Amino acid sequence: MNKKTIIRTFEKIALYMELLGENHFKVAAFRKAASVLELDPRSLSEMDDILTLKGIGKGTGAVITDLMENGTSEVLKELEDKVPKGLIPLLNIPGLGGKKIAKLREALNIDSVESLQAACEKQEVSKVPGFGKKTEENLLREIEILAQRSGKTPIWQVAKIADAVEAELQLIDEIQKYQVAGSFRRREEESSDVDWIVVTEQPKAVKEKILAALPIEKIIAAGDAKLSISLDTEHPIDADFRFVTEDQFATALHHFTGSAAHNVRMRQLAKSRKQKISEYGVEDKSGQVQTFSSEKEFFAHFDLPFIPPSIRKDGTELDRADEIAQLVTPEQIRSDLHMHTTWSDGGYSVEEMVEACRAKGYSHMVITDHSHYLKVANGLTPERLLKQIEEIRAVNEKYDDIEVFCGTEMDILPDGRLDFDDEILKQLDFVIASIHSSFNQPQEQIMERLYAACKNPYVHMIAHPTGRIIGQREGYNPDIDQLITWAGEYGKILEVNASPYRLDLRTEHLIQAKNAGVLIAINTDAHATEQLDIMPIGVEYAQKAWLPAEQVINTWPLETFIEKVIRR
DNA sequence: GCCGTTTTCGGCCCGACTGTTTTCAGTCG
């Protein structure tokens, strides 16, 4: 028996109870028990107090005991006997929850999406009390949509959609300001929808203009406080707009940024102080509602520091408030150590990239074009690299407010060799090693390649250490534990790639790297000047691992970087 | 089902919107 099995059992029990239309507090109690175990860092064998944990009581404790002694749960078995498996997908249909599903099952013996569809087509559903014609039509349509639509949208697609939507919002005069909230603001890797807080005195007019401006597949809800639509974009996604006044903005932004668990913790905290949090403000005993000029002020009201959106997760961030001051922030970034130019597959010259980095106020930067193995990217031969070094040194001479270092993003070849000899590497200030080929090799071979890079004395950093593209490809599946160990042993830096396509190291690995004391760099891997702008996304993503600024070498001043990295 | 520095019973975060109802339950975030 392991912890995961217990957690999954609780989640299944909750799901089945929900389908039976059980009391939702009871359902929530099982979900809560699952999350208590999930959040406890210990393994099952280390948890001798498991039955006394807060959130585990008589009922959930009995399930644990049953699982430990017999390997199965009687409670779950009974539920499985009672509830047909085909009902579970019904919960994915918008508008259907446990109660309605239970009613449909009672009245029409619905036990699957197929039987629900048939019943709708025979117009039997609209005869059930509590259901009507409109519900029946909606259900049929949702069943069709469900068949086409798959899961969540990766962050890089959300980013594009958000840009397009905001371009339209900007044109609406009645909007005083807007800000994206929700999971995208929290820098989650994937989102199921996008939310905006819109400040306006004229919600009706704004609603009409948004409806007229955006490509819409379906209007989900359109009231005076909220507009909810399905966007008919290349990658369809739902969008929510909340209309508030200026003074409600901070609390609305907080509320709709979530996470849900974070909000619950905040509201419990408020309640313990005889106050009540809603999206409109903080209400005290007398019914007086207080509003705030910023989220920072809102948090301060509860004696908390500003909690960055990306770490608003399960509520435990409130318990770690004193660690927040050390967290890396986008404002602390002084350098970008991974970018490309027209020498390989970038879109801008060395000088243009330098100008763009100067505009960011960076104190230093590294030009790191591809190496010759990567023919598709016009990778540099040793001869061209030497010429590029000359150009970079010359450009560097021109500026005294930024230091431009010579680097490379060198391929680690499929056979484990490195793409440049040490004689060449010696002449560079900063060497990145990356895998761009033969992702499908067995893990052993991948690790041999990474080991070759780690033990080479001229390599400084391993870039995008998994090669994943979010929502599209898994990458090359390295043994990250081993890589982190080597990075520690050989003093190599590991990269967080700020590109919303990549974002690796991913959070759980970054936590391991943090705990191992391995140095981290956050880089844009920019192939164009405007891509330098994605740095905050990488930094905010890295905050999820509670990474302190001192461990992120981009926060170091030039002198420290030279001393500890270039001349180490 | 779980919990208790007012509580062992009566709460459990809070509010918007829809569709079905004639005042509100269910769902959603």
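Order of the sequence lines sets the chain letters (A, B, ...), proteins ahead of strands, with each chain counted from 1. Source: prediction; values computed, not measured.
Across all strands shown, K133(A) has heavy atoms under 4.0 Å from sugar-phosphate atoms exclusively, and none from any base. At a threshold of 4.0 angstrom between heavy atoms, the contacts of F256(A) with the nucleic acid are absent. Among the heavy atoms of the strands, none lies under 4.0 Å from A260(A). Using a 4.0 Å heavy-atom distance criterion, L269(A) is classed as making no nucleic acid contact. At the heavy-atom level, P129(A) lies nowhere under 4.0 Å from the strands shown. As judged by a 4.0 angstrom heavy-atom cut-off over every strand, K271(A) is placed among residues touching the sugar-phosphate backbone only. As judged by a 4.0 angstrom heavy-atom cut-off over every strand, I13(A) is placed among residues making no nucleic acid contact.
In a base pair of the Watson-Crick type (N1 to N3 plus N6-O4 or O6-N4) or a G-U wobble (N1-O2 and O6-N3), with each distance short of 3.5 Å, dT18(B) is matched with dA25(B).
Closest non-hydrogen pair, H262(A) versus I307(A), comes out as CE1-CD1, 4.1 Å. Between W156(A) and P500(A), the closest heavy-atom pair is CD1-O, 3.4 Å. Residues E495(A) and H464(A) approach most closely at OE1-N, 2.9 Å, considering heavy atoms.
The F25(A) side chain lies nearest to dC12(B) when the options are dC14(B), dG4(B), dC12(B). Here the nucleotide nearest the side chain of T135(A), chosen from dT20(B), dC13(B), dT18(B), is dT20(B). Residue A29(A) places its side chain closer to dC2(B) than to any other of dC2(B), dG15(B), dG4(B). Nearest nucleotide to the side chain of A222(A), out of dT18(B), dT6(B), dC13(B): dT18(B). Between dC17(B), dC14(B), dG19(B), one nucleotide has an atom nearer to the side chain of K134(A) than all others, and that is dG19(B). Among the nucleotides dG29(B), dG4(B), dC13(B), the one closest to the side chain of K54(A) is dG4(B). The K26(A) side chain lies nearest to dG1(B) when the options are dG29(B), dG26(B), dG1(B). The side chain of Q268(A) approaches dC13(B) more closely than any other nucleotide in the set dC13(B), dG29(B), dC28(B). The side chain of E279(A) lies closest to dG15(B), out of dT6(B), dC28(B), dG15(B). For Y280(A), taking side-chain heavy atoms from C-beta onward, the closest of the listed nucleotides dC2(B), dC17(B), dA16(B) is dA16(B).
Using C1' as the reference atom, dT21(B) and dC9(B) are 33 Å apart when rounded to the nearest Å. dT20(B) and dC13(B) have their P atoms separated by 30 Å, given to the nearest Å. If you take atom P in dC2(B) and the same atom in dT6(B), they sit 24 Å apart, rounded to whole Å. Taking atom C1' in both dT23(B) and dC17(B), the straight-line distance is 16 Å, to the nearest Å. Spacing between dG11(B) and dT7(B) at atom C1', rounded to whole Å, works out to 10 Å. Taking atom C1' in both dG15(B) and dT8(B), one finds a spacing of 31 Å when rounded to whole Å. Atom P of dG1(B) sits at a distance of 23 Å from the matching atom of dT5(B), rounded to the whole Å.
Looking only at atom types and distance, the side chain of Y541(A) has a donor-acceptor partner in the side chain of E189(A) under 3.5 Å away. Counted by atom type alone, Q157(A) and T153(A) present zero donor-acceptor pairs between their side chains at under 3.5 Å. For S286(A) and D284(A), the side-chain atoms include at least one donor-acceptor pair closer than 3.5 Å. Side chain to side chain, R267(A) and H255(A) meet the donor-acceptor criterion of an N or O pair below 3.5 Å.
As a whole-Å value, the separation of E136(A) CD from dT18(B) P is 20 Å. Per the geometry, CD belonging to E137(A) stands 14 Å off C1' belonging to dT18(B), to the nearest Å. Counting to the nearest Å, the P atom of dC12(B) and the NZ atom of K32(A) are 15 Å from each other. In this structure, the NZ atom of K100(A) is 9 Å from the C1' atom of dT20(B), given to the nearest Å. Nucleotide dG29(B) holds its P atom 16 Å from the CH2 atom of W196(A), rounded to whole Å. The CG atom of N23(A) sits 13 Å away from the P atom of dG11(B) (whole-angstrom rounding). Whole-Å rounding puts the L51(A) CG to dC2(B) C1' distance at 14 Å. A straight line from CG of L139(A) to P of dT27(B) spans 11 Å, rounded to a whole angstrom.
At least one side-chain heavy atom of L51(A) sits less than 4.5 Å from a side-chain heavy atom of T65(A).
Close to dA16(B), at under 4.0 Å from its OP1 or OP2, lies no side-chain N or O of S228(A). OP1 or OP2 of dG19(B) sits under 4.0 Å from a side-chain N or O of N138(A).
Place S278(A) and G223(A) on DNA chain B by their nearest nucleotides, and S278(A) ends up nearer the 5' end. Where K276(A) and T52(A) each meet DNA chain B at their nearest nucleotide, the meeting point lying more 5' is that of T52(A).
Using a 90° window around 0 for the glycosidic torsion, dT5(B) falls outside it and is classed as anti.
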